[in-house]
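Numbering of ligands and ligand atoms starts at 1, following listing order. In what follows, residues are counted from 1 in the order of the sequence shown. If you're wondering where the values come from, they're calculated on a predicted model, not measured in any experiment.
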Amino acid sequence: MAVTASFLLCSILLIAGLLSAEPQQPQSPLITIFNGASTQQLDLIYELHKAEIIPTVLDEFIPQYTIDATWSEKKNITAAYGNTLPVSATQEAPKIKLTRNQNSQFVSNPRPQLTLIITDPDAPSRDNPEWSEVCHWIVTFPTSRAPTEPNVEIATEGEDVMPYKPPGPPPKTGKHRYVLVALAPLNQTTETLALTPPGERKRWGYERERTGLRRWMGEMGLGVVGANFIYEQDEEQ
Ligand SMILES: *[C@@H]1O[C@H](CO)[C@@H](O)[C@H](O)[C@H]1NC(C)=O
Ligand SMILES: *[C@@H]1O[C@H](CO)[C@@H](O)[C@H](O)[C@H]1NC(C)=O
């Protein structure tokens, strides 16, 4: 028993000594960011990489909120991290539910004003994204509705900043990714934000293709705290 204990202690000291003697290695950003993240959050990041939403639309981020988007409860039309939905089933804006994740130590402000957007990086097609991204929706949720406890849902009635435009992928343009992103103010303010809509839906009003959300949220002082996505395509391919 005593032998085991001192062996353990020696090992710990040895490892500690080795670690402190080593020059500081730059840690992989992934390891730094995801220390403490849940499996579910890592799955989301994996799916976003697989669909190339990271890096095309988003940078690496810490998922702090889960996004539930339901177009029809009865027909189970929901966003499920890369499922394919029929165009006809998403004509009206979905019901959005944002749930604060357990790793709330990352959020120092418990009541940020949350904003949800939907953007299409594949317009008119993934191979030819000259109109992209197309802004489909910006809806913001009053500060008082933000959840204060982990895993508390907010059944949200948001205020449109840019009204919902249903997905309408043109014929023969393949599958489009429709990316749902939850945003919170980077400076953690609890004040009500004055969000201005982008000038246009196409390229969110910017000049270059494949711009949109990143630039707009930069101008608004917002950062990514959650994501989800669906695929849709026209019946004619
Ligand atoms: C509803 O759809 C989701 C996403 O496709 C799926 O994971 C779930 O099993 C479905 N639920 C029912 C009751 O069919
Ligand atoms: C925090 O950011 C918001 C959104 O960009 C901005 O409106 C507000 O003035 C900022 N507040 C402070 C205290 O910096």
Arg215/Glu207 under salt bridge (charged side-chain N to carboxylate O under 4.0 Å, His left out): CA gap, chis, key distance, verdict
CA-CA 11 Å; Arg215 268 188 72 178; Glu207 317 76 45; 3.5 Å; yes
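Among Ile230, Thr84, Asn76, Thr78, the residue whose heavy atom sits closest to atom 6 (C) of ligand 1 is Asn76.
Using a 4.5 Å cut-off on side-chain heavy atoms (C-beta onward), Arg210 and Glu130 make no contact. When side chains are defined from C-beta on, Val87 does not count as touching Asp234, because their heavy atoms never get closer than 4.5 Å.
For atom 4 (C) of ligand 1, the closest heavy atom belonging to the protein is Ala80 CB, 3.4 Å. The shortest contact between atom 8 (C) of ligand 2 and any protein heavy atom is with Asn187 ND2, 3.8 Å. Of all protein heavy atoms, the one closest to atom 7 (O) of ligand 2 is Leu193 CD2, 4.6 Å.
Below 3.5 Å of separation, one finds an N or O of Met220 facing an N or O of ligand 2.
Annotation: side chain to side chain donor-acceptor pair (under 3.5 Å) contacts of Lys175 (sequence neighbours excluded): Thr84.
Aromatic ring centroids of His136 and Tyr178 lie under 6.0 Å apart.
Ligand 2 places these atoms under 4.0 Å from at least one heavy atom of Gly221: 5 (O).
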